Amino acid sequence: MRFRLALFFLFFLILPAPARANAPLSEATETCLGCHLFSTPGIVADWMESLHANVTPKEALDKSSLEKRVSADQFPEELADRVVGCAECHTSNAAKHADTFEHQGFSVHVVVTPEDCALCHPTEAAQYRENIMARAYGNLKNNPIYHDLAQSINGIKVFQEPGMTTRPSDEETDFDSCYVCHGTPVEVKGLTLRETSLGEMKFPVLSGWPNQGVGRVNPDGSLGSCAACHVRHEFSIEVARMPYTCSNCHKGPDVPAYGVYEVSKHGNIFSSRRAKWDLRKVPWTVGKDFTAPTCAACHVSLLVTENDEVVARRSHRMNDRLPWRIMGLIYAHPHPQSPDTTGIRNRAGLPLPTELTGEPAAEGLIDRDEQEKRKRRMQKICLSCHSENWVQNHFRRFENTLRTTNEMTLAATRLLMTAWEKGIAKGPAQQDSLFNEGLEKKWVEQWLFYANSTRFASAMAGADYGVFANGRWFLSKNLQEMAEQLALLLQLQKKGKDPSSPELGESSPAIQKE
Amino acid sequence: MRFRLALFFLFFLILPAPARANAPLSEATETCLGCHLFSTPGIVADWMESLHANVTPKEALDKSSLEKRVSADQFPEELADRVVGCAECHTSNAAKHADTFEHQGFSVHVVVTPEDCALCHPTEAAQYRENIMARAYGNLKNNPIYHDLAQSINGIKVFQEPGMTTRPSDEETDFDSCYVCHGTPVEVKGLTLRETSLGEMKFPVLSGWPNQGVGRVNPDGSLGSCAACHVRHEFSIEVARMPYTCSNCHKGPDVPAYGVYEVSKHGNIFSSRRAKWDLRKVPWTVGKDFTAPTCAACHVSLLVTENDEVVARRSHRMNDRLPWRIMGLIYAHPHPQSPDTTGIRNRAGLPLPTELTGEPAAEGLIDRDEQEKRKRRMQKICLSCHSENWVQNHFRRFENTLRTTNEMTLAATRLLMTAWEKGIAKGPAQQDSLFNEGLEKKWVEQWLFYANSTRFASAMAGADYGVFANGRWFLSKNLQEMAEQLALLLQLQKKGKDPSSPELGESSPAIQKE
Amino acid sequence: MRFRLALFFLFFLILPAPARANAPLSEATETCLGCHLFSTPGIVADWMESLHANVTPKEALDKSSLEKRVSADQFPEELADRVVGCAECHTSNAAKHADTFEHQGFSVHVVVTPEDCALCHPTEAAQYRENIMARAYGNLKNNPIYHDLAQSINGIKVFQEPGMTTRPSDEETDFDSCYVCHGTPVEVKGLTLRETSLGEMKFPVLSGWPNQGVGRVNPDGSLGSCAACHVRHEFSIEVARMPYTCSNCHKGPDVPAYGVYEVSKHGNIFSSRRAKWDLRKVPWTVGKDFTAPTCAACHVSLLVTENDEVVARRSHRMNDRLPWRIMGLIYAHPHPQSPDTTGIRNRAGLPLPTELTGEPAAEGLIDRDEQEKRKRRMQKICLSCHSENWVQNHFRRFENTLRTTNEMTLAATRLLMTAWEKGIAKGPAQQDSLFNEGLEKKWVEQWLFYANSTRFASAMAGADYGVFANGRWFLSKNLQEMAEQLALLLQLQKKGKDPSSPELGESSPAIQKE
């Protein structure tokens, strides 16, 4: 009761005027706010700025079809007339949530999931399920080759004469590394008592938490986290449309999308001009609401012209406009058909979308027709500002770069295969990791850093990322260094010596278990 | 006719009020807009925001001498009273343009060039012609040493036992690499028929297109692209003054100007404060319109004090305020006299502005007097906020850094010359590329990445770019690694073996032609 | 007299209205402005925007305790009623200032110091003195190991067959390198006559100037520079709270704090939302004035909730909320107790906070209790937006990362110690530098670049900085390369050869003096 009073008092003082007028709260949410205004004031204030706090689902439903931000056809009576507050999300689907716990008389769950969001946004949730990102956890964890790469990165090395051993990474390291972006499995490990300002309370103990990775495995069995891009608790479409959002996971040398964008003409116009843009508008009008694309404009958003002609439909299956996967694994290749990529096998039986020598896997990738369809979807956006001539030439140049970067990957791969064959390094034939030796690590950088960087630069006109900023300069230098290293080791080998024999280097064919 | 009607209708709906009132369009431009409002709405909307769309040349001419943005003394009658629209730029100088084609009754050209812009901005175009950037294509393509460096980067490598070969890069690769910034030659290769929403139309087929590189070779024979900095189609001086514009080409490890700026005090003030600045004002008043320089303020813009005293005259010959070229080729050196640097020869006959041992070329570089004049021009800008003492000390420290980074380049060069001499690597004496072997590539990074980074950091107070961010740490480490590599190879050589003998490494003295 | 007139005239024209009304200037400051409006207009304009120019100390004193920005209890009569202008700072404590000189009838000093600022801000100055940053000059210069590291970076190398020598860096190089951030000693070297627009004048000749490093040794004997963060001459708290300010020194691979922040969720929200925030408010209200922390929010600022409950007290002892020093020297370790770290010795007698094998030094570091206290201070800020569960798990994961990155440093160190022992490299036992050989430089990057990057990424959720952007990928790759290099050299050694024998590599046990 005293909370309700405090709430009343505080709302009067704190809530911005428009919020106060338009915010019919559910009783449950009022109760939440009674404490959380004090205990977590930051996110409450953040939420107050949100559309969730200021528009009821029913009002949202009344928008025209292009303006609509909800995709449900109707809402349960009890949801329709109250704004979307704490309780609406954190108590929905309670029975499905393994993380549901009794909290001040409510069945609350900690982890809000795409399944919860789907109550109002079912189309987006369904599209996202078809997004390769939704499977980012399993696609990494359950693909033996990618998992081995992750282990070669996260494993802990111990040097104790006469050599070095590696023990498998612990779970917290994995969760602090690859799985920050790929998503963790969030599991309930029990309940704990904790002293709070309101006395002792029980809370669930979660492993893999916190995490907002795109492929998070949630306690309700669903996959992904809408908060990866729709930052809590304002859930502003404006933030999701900012390139900064994508930079959370797409800036490193492996996927330098944001870095490339930043130094592109599009990025320049965004940085210089965005204060004049309207990034909240739905639909998003080309030339009026924005004058150069952000990541979302090309890859996700619903775009229209001034006279409401649709340029691109909204899609949360992010590859709907992508003919190619340019992140080499290990070559650029047509996009996988299914979001779950663990089933893909190349002819050699490896779980890779291409042969080690570059040819696309026979099954599991989209065909030429589908590629053309996706390319055309993307090009329609380009054509809002660029001529057909410009756009065709841009794509021809880009696809030429896919070929040449694949060639530079092939040269490195053939070199490595020679090294494996001649016993300079240990490879698949020796049941050894593909990623644990020096020469192999240079090979990884060839496709994962330098070929990727060159391709992203080509795709988005990021200039130096195709040359000196991890681009062609490094593609060429790295290959030359690999060749000289191999030549040296072969020469020493000829004298009856194997310098890679691991007196001190990584010794294990298999990773040594503790 | 129906376009004109549509145009009339749309203008009424779409054009912002001020534009509508002040926009006496030429008939030709009205016709363009009739279709392009629908076919390329983004750039039309962009242009509508521009001064071009809102001010007639005659109005522009009436400004006071400091405020004026046009440099022509007068305009042809037919241009003076209409705002600058599609037709004004895309049909000017039609006869000179090899890319002119008949399009809906007009002689239109695709590529707008500095020569076209010169109709209203002749002084800027003339200055730009004297800019070393205007020659960026030829200076790279026609200098055998720089061209060889480009080929060592862009050439495609093939590994086929027993060794690796390189084939020359294809044109599209070059255009996607170095020439994105340096500029491509844009050439007409014929005409093509294309189905459009208005039926079949003919368009020119252009090679080297799209491109906005600073040294683009245009179909009218002119050099450069104003759009490199003055981003289409708003052509806002605000954008050109933003450091993001320069970052398009000046961010990589070779020329880390933007990166350095970003972490400098000046960059900090820009990022923190620019929402309060006026970046559109001409002239640009120090302390009032902006409180810390962007790239343009120091290198290009017309700057005045509150009482309209000129601090710096506008110059599109970007090196007017630069005594030194700090981008080492291969040493920092006095700026070249002529924008065309292909004629420079050092005493050894190489097309380089310095000897391999660092001494400036005897001819073709500006002399001490000219250096002092340029330095003083720059310092006058510094003195708007800093004391004489501060400024003198800053430049003394900076010039000391030019000397020491040149010394660190000299040490690497002497080491490489020793390697060439002793047969550890193949150099000019063997008619071999200077850039194709591992040791040579480390040498390139010594001057192109690490010395450059250190110098840019010193010039613009970018701290860590002079130390750990590609600065002195790497100057020193790289040299040590070169020395150890050479020592190892010499030692192996002594035993009658040449480990650089290219069983597998790059084998060709000359690049192998396909 | 004519200056006073000009001043009067200009003030009327130039000063913004509010400034004009509220700016009772001291007579001395009026005199300064009389010339400096013309001679350094930029900084005068900057200062006019400042609170210093618009609020008198007395007015500042009248603010409520939470709102107050001054910490003095009272002010000398002559200061209280005049705004803080040129003279107030540049003539204070004149007798203590070795850089005081006679200038137009005033005893002016060039370098304004924390001691000068302490007249109004004594608490902040006192806290800053306890800040490890205040000692950044001496902590580097007077610690023989760190100084040797600096020399290995800044020393100038000369290659002259048969080998390479290093001469100690000159002072200007040091001042242009490490000491840009660490701070220089600013010393008066005499007076110089200089021609000015007002005739000949005398100015002090300063060495180590310009500099705003955090540990600057000032001509009044004080340490540090408030201008390192409180950028001159607006001294806006808004700028100090921007992450760009911290990026001036904390962006490189050694301390990638800004880079990590930029791609974190917090950084994303800042970049996307800050136009809506109020970064000038004191106190700073969580959720209302800002919705995600900047560097200052977590590390420095006074934070309150909407109902003025203090979340965190302001502290200029920046480590008050830091249990760990995660910048490895060479391991992550509990924070030093004293700002002067030169007294710390490990059990081996080395001036390091940990043993070479990682155990924290027995004395000089904060104990577990103090660590808990500091951690709790930080967590209280986190809890404004995150649940206890979230925060505890975050810190557990982070501390796990401290352990594992320390392990990866230990492996590299053990490997290097083996190399020293076996004569592959020269180490402490040979009285040789720890930092001059190739293997040693790789070792430095292990802890200084890769372990640091991984830890910063973990602390601030910067994803790829813990994996491919100088994170675990490099921790692992670097170690593998060290192991293979050692194995190769040991193998060659066995054949009676020592390939690190410095025919050409760095030869000196001690750095060779010129």
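This structure is a prediction, so every number in the text was calculated from the model and none was measured. Lettering of chains follows the sequences in order, A, B, ..., and the numbering in each one begins at 1.
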Hey, which of [options] has the most heavy atom pairs under 4.5 Å with chain A?
options	value
Ala412(C), Ala411(C), Ala457(C)	Ala411(C)
Gly466(C), Gly287(C), Ser384(C)	Ser384(C)
Arg273(C), Glu407(C), Lys276(C)	Arg273(C)
Thr404(C), Leu475(C), Val263(C), Leu410(C)	Val263(C)
Thr285(C), Leu383(C), Val286(C)	Leu383(C)

When you look at Lys157(A) and Ser476(C), which way does the side chain to side chain contact (heavy atoms under 4.5 Å, CB included) test go after all the steps? CA-CA 8 Å; Lys157(A) 288 179 186 294; Ser476(C) 172; 3.4 Å; yes
Heavy-atom distance under 4.5 Å to chain A: side chain of [X], backbone, both or neither?
X	answer
Thr305(C)	side chain
Ile269(C)	side chain
Arg403(C)	neither
Glu421(C)	side chain
Ala463(C)	both
Gln485(C)	neither
Phe290(C)	neither
Lys422(C)	side chain

Which one of [options] has the most heavy-atom pairs closer than 4.5 Å to chain C?
options	result
Ala275(A), Cys246(A), Gly213(A), Ala228(A)	Ala228(A)
Glu440(A), Glu172(A), Gln160(A)	Glu172(A)
Gln212(A), Arg241(A), Arg194(A), Lys251(A)	Arg194(A)
Pro253(A), Pro256(A), Pro204(A)	Pro253(A)
Ser177(A), Gly252(A), Pro41(A), Gly438(A)	Ser177(A)
Ser236(A), Ala45(A), Gly42(A), Ser39(A)	Gly42(A)

Would you say [Y] and [X] are linked by a side-chain donor-acceptor pair, where the criterion is simply a distance under 3.5 Å?
X	Y	value
Thr357(C)	Glu359(C)	yes
Thr245(A)	Asn268(C)	yes
Asn400(C)	Asp170(A)	yes

If the condition is side-chain hydrogen bond (donor to acceptor under 3.5 Å, both in side chains), which residues does Tyr179(A) pass it with, not counting sequence neighbours? none
Check the orientation of Phe474(C) and Phe449(A). Use parallel for under 30°, tilted for 30 to 60°, and perpendicular for over 60°. tilted
Kindly assign one of parallel, tilted or perpendicular to the pair Trp443(C) and Trp420(C), based on the angle between their ring planes and the thresholds 30° and 60°.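 Ring orientation of Trp443(C) relative to Trp420(C): perpendicular.
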Pair Leu140(A), Cys178(A) - check side chain to side chain contact (heavy atoms under 4.5 Å, CB included), show working. CA-CA 9 Å; Leu140(A) 174 51; Cys178(A) 312; 3.7 Å; yes
Evaluate the criterion side chain to side chain contact (heavy atoms under 4.5 Å, CB included) for residue pair Thr401(C) and Thr454(C); output intermediate values, then yes/no. CA-CA 8 Å; Thr401(C) 292; Thr454(C) 305; 4.0 Å; yes
Quick one, Glu309(C) with Val304(C), criterion side chain to side chain contact (heavy atoms under 4.5 Å, CB included). Give me CA distance, side-chain angles, the key distance, then yes/no. CA-CA 5 Å; Glu309(C) 195 201 325; Val304(C) 301; over 6 Å; no
Examine Lys441(A) relative to Trp473(C) and say whether NZ or CZ is less than 6.0 Å from the centre of the six-membered ring and inside a 45° cone about the ring axis.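 Flagged: Lys441(A) positioned over aromatic ring of Trp473(C).
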Heavy atoms under 4.5 Å from chain A: which residues of residues 388-398 of chain C carry them?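 Near chain A, by residue number: Glu388(C), Asn389(C), Trp390(C), Asn393(C), His394(C), Arg397(C).
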Any side-chain heavy-atom pair from Lys442(C) and Leu479(C) closer than 4.5 angstrom? no
Taking the side chain as C-beta and beyond, is there a heavy-atom pair between Thr413(C) and Tyr331(C) under 4.5 Å?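 Yes, side chains in contact.
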Contacts of type salt bridge (Lys or Arg N to Asp or Glu O under 4.0 Å), residue Asp46(A), not counting sequence neighbours: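 Asp46(A) satisfies salt bridge (Lys or Arg N to Asp or Glu O under 4.0 Å) with no residue once adjacent residues are dropped.
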Taking salt bridge (Lys or Arg N to Asp or Glu O under 4.0 Å) as the test, write out the residues that go with Glu187(A), two or more places apart. Lys189(A)
At a 4.5 Å cut-off on heavy atoms, which part of Phe203(A) comes close to chain C: side chain, backbone, both, or neither? neither
Under 4.5 Å from any heavy atom of chain C - which part of Leu206(A):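 Contact with chain C involves both backbone and side-chain atoms of Leu206(A).
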Say whether, by atom type as modelled, one donor and one acceptor occur between the side chain of Ser453(C) and the main chain of Tyr465(C) under 3.5 angstrom.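 Checking the backbone N and O of Tyr465(C) against the side chain of Ser453(C), a donor-acceptor pair under 3.5 Å is found.
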